[in-house]
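Per chain, numbering begins at 1; letters A, B, ... match sequence-line order. Everything quoted here is computed from the prediction, not taken from an experiment.
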There are 2 protein chains.
Amino acid sequence: MQILLTFGPFGPNMQNMSNGRPLQYDADKALDAAMHLFWSQGYEATSMQELLEVMGLSKSSLYQGFGGKKELFIRCINRYRTNMSEVLAGLLVKANSGRIFIEKLLLNFAIEARQPEHLRRGCLLMNTATEFAQKDSQVAEHVTVGFKRLREALQAAVLRGQLEGEISPVQDAGVLSDYLICSIGGITTVVKGGADEQRVREIVGVIMKALD
Amino acid sequence: MQILLTFGPFGPNMQNMSNGRPLQYDADKALDAAMHLFWSQGYEATSMQELLEVMGLSKSSLYQGFGGKKELFIRCINRYRTNMSEVLAGLLVKANSGRIFIEKLLLNFAIEARQPEHLRRGCLLMNTATEFAQKDSQVAEHVTVGFKRLREALQAAVLRGQLEGEISPVQDAGVLSDYLICSIGGITTVVKGGADEQRVREIVGVIMKALD
DNA sequence: CGTATTTTGGACCGCTCGGTCCACACATCC
DNA sequence: GGATGTGTGGACCGAGCGGTCCAAAATACG
């Protein structure tokens, strides 16, 4: 059991071993719903009851299929991370330049700033880092992995921008990536703190200036 | 009661009206202890029990003196804000230049990055904004006030820096202040996320570059 | 059909949460 | 020393928390 917990996916139908009653829910959809709820509300503020409602399954199914609140949360983080990596990689390929990719990424949060409150939720990884990465080493690990992936994506963009001559080549790409991670965390904070779109756009303008 | 709650201090000995048993605790010290606990742990993750222990008073005293968890928390935020304003104003006066003041302020978090986990807690206002400013309009108001004060302090420093020729005069001081608030939020995030001192110093280096 | 295997609904659990209440302790004022 | 007013300790509260358990339901296989 503990081994399963650690090595997951101890999820439903581990490898669809035919026998038995079939799952009555779409595990992927359910996980997605949980992720969005955690994303909006944070870990502590989200109750199992709310999760059940939004995931559309019963308590025993949740425990059977996902193993408990924390395990579910970790799955959500990892799902978020995977999604993010894919999306970013795809966007970078299609982007006109590394610098524009970065700017667009940041400006996404400006758009978020005009959404209703529950959608102004920033980046799940950042939220988790501030809420309780330090309190739980297990969660912390997964957040760290997420940060690493994000950094890789950003670094790729920075390197490309440097080659393209739109980002200062004298600054270390790794350091700039860390700076951008920091910036994303900051924007997450100010958006949640109530900054409006215009303000976020201005901030992004200054952030980008540091790349010159 | 509600009026008292809103207009506080409905605290102990509202204006020390002589009669009755005297307070057995130092209200200021108690409030300080509560503030530090909230600061380290966040609102949701801090229980009344923990607060009682660290404040050194009994349940009824807490409710009598501070009115409940949320009211106590709001008091802590305001206390934090007031302290902060004073400290920043004092430091700015003594600083060699506006720019150096800003840099030192940011580097403070680098120093925090080598503290044990429970002391790597960033800025209470930022933490509160990310945790649940959106969920509670009452708290949100107080956070907003805090942000405003912080912005004022930063703007004063920026303006001074511009006069001194160490900060670009073409950039709007208000925008730069917002940028710095964002940066503080970001640093808070990465520190809580586990960044070490060196990394934070590098990030601060880039942040400062945007002021050129 | 019966049996094995899995999922599911919901009753149930102990615990901790924030919060209330009141008898008593401790002060001042006359 | 009352009378009066305030602070304090601790019992007590209902609610909601995350989590467990098991009988019933639903499939596959022989």
Side-chain angles (χ1 to χ4, degrees), chain A residues 1-2 4-5 9-27 29-30 34 37-38 41-76 132 135-136 138-139, chain B residues 1-2 4-5 9-31 34 37-38 41-76 132 135-136 138-139:
Chain A
M1 161 72 156
Q2 273 190 330
L4 277 176
L5 258 172
F10 100 79
N13 260 338
M14 280 164 56
Q15 39 233 21
N16 210 347
M17 20 167 76
S18 357
N19 258 5
R21 181 172 169 176
L23 272 189
Q24 315 243 131
Y25 60 90
D26 182 332
K29 281 211 163 89
L37 195 61
F38 277 133
Q41 308 194 142
Y43 179 81
E44 296 274 11
T46 301
S47 71
M48 289 303 275
Q49 188 135 310
E50 289 173 302
L51 287 167
L52 296 180
E53 283 168 20
V54 84
M55 295 173 79
L57 38 76
S58 77
K59 214 162 202 179
S60 42
S61 300
L62 197 159
Y63 279 89
Q64 162 86 355
F66 302 93
K69 194 182 181 187
K70 203 170 87 177
E71 291 76 18
L72 174 60
F73 182 64
I74 289 179
R75 277 232 212 169
C76 288
F132 78 138
K135 288 174 218 154
D136 187 302
Q138 210 181 135
V139 172
Chain B
M1 162 71 156
Q2 273 191 332
L4 277 176
L5 256 171
F10 102 78
N13 259 338
M14 280 164 56
Q15 40 234 18
N16 211 348
M17 20 168 77
S18 359
N19 257 7
R21 181 172 169 177
L23 273 189
Q24 313 242 134
Y25 60 91
D26 181 332
D28 222 54
K29 280 210 164 90
L31 199 54
L37 195 60
F38 277 133
Q41 308 194 141
Y43 179 81
E44 297 273 11
T46 301
S47 71
M48 291 303 275
Q49 188 135 310
E50 289 173 302
L51 286 167
L52 295 181
E53 282 168 22
V54 83
M55 295 174 79
L57 37 76
S58 77
K59 215 160 201 179
S60 42
S61 300
L62 197 159
Y63 279 90
Q64 162 87 355
F66 301 93
K69 194 183 180 185
K70 203 171 87 177
E71 292 75 18
L72 173 61
F73 182 64
I74 289 178
R75 278 232 211 168
C76 289
F132 80 137
K135 287 173 218 152
D136 186 302
Q138 212 182 134
V139 172

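Look at OH on A:Y25: it is 20 Å from P on D:dA25, rounded to the nearest Å. Across the protein-nucleic acid pair, A:K69 atom NZ and D:dG19 atom P stand 8 Å apart, rounded to whole Å. When the P atom of C:dG18 is taken as reference, atom CD of B:E71 falls 13 Å away, rounded to whole Å. Atom CG of A:L23 is separated from atom P of C:dT5 by 18 Å (rounded to the nearest Å). Rounded to an integer number of Å, the gap from OH of B:Y63 to P of C:dC22 is 17 Å. A straight line from NZ of A:K59 to P of C:dA11 spans 12 Å, rounded to a whole angstrom. Rounded to whole Å, atom P of C:dG18 lies 16 Å from atom CZ of B:F66. Across the protein-nucleic acid pair, B:Q64 atom CD and D:dG9 atom P stand 12 Å apart, rounded to whole Å.
Distances from the side chain of B:S60 to the nucleotides C:dT20, C:dC21, C:dT7 place C:dC21 closest. For B:Q24, counting side-chain heavy atoms from C-beta on, the closest listed nucleotide (D:dT8, C:dG9, D:dA26) is D:dT8.
Non-hydrogen atoms lying under 4.0 Å from DNA chain D are contributed by nothing in residues 41-55 of chain B.
Distance CZ/A:F66 to CG/A:L51: 10.5 Å, rounded to 0.5 Å.
Contact check for B:M55 versus B:L72: side-chain heavy atoms found under the 4.5 Å cut-off. Side-chain contact between A:Y63 and A:M48 is present, with heavy atoms from C-beta onward closer than 4.5 Å. No side-chain heavy atom of A:L52 sits less than 4.5 Å from a side-chain heavy atom of A:S58. Contact of the A:Q64 side chain with the A:S61 side chain is not registered, since no non-hydrogen atoms from C-beta on lie closer than 4.5 Å.
Using a 4.0 Å cut-off, no side-chain N or O of A:S58 falls inside it from OP1 or OP2 of C:dT8. In this structure, B:S61 does not reach the D:dG7 phosphate: none of its side-chain N or O atoms is under 4.0 Å from OP1 or OP2.
In this structure A:E44 satisfies the side chain to side chain contact (heavy atoms under 4.5 Å, CB included) test together with A:E131, B:E44, B:A45, sequence neighbours excluded.
Using cut-offs of 30° and 60° for the angle between ring planes, the A:F73 and A:F132 rings count as tilted.
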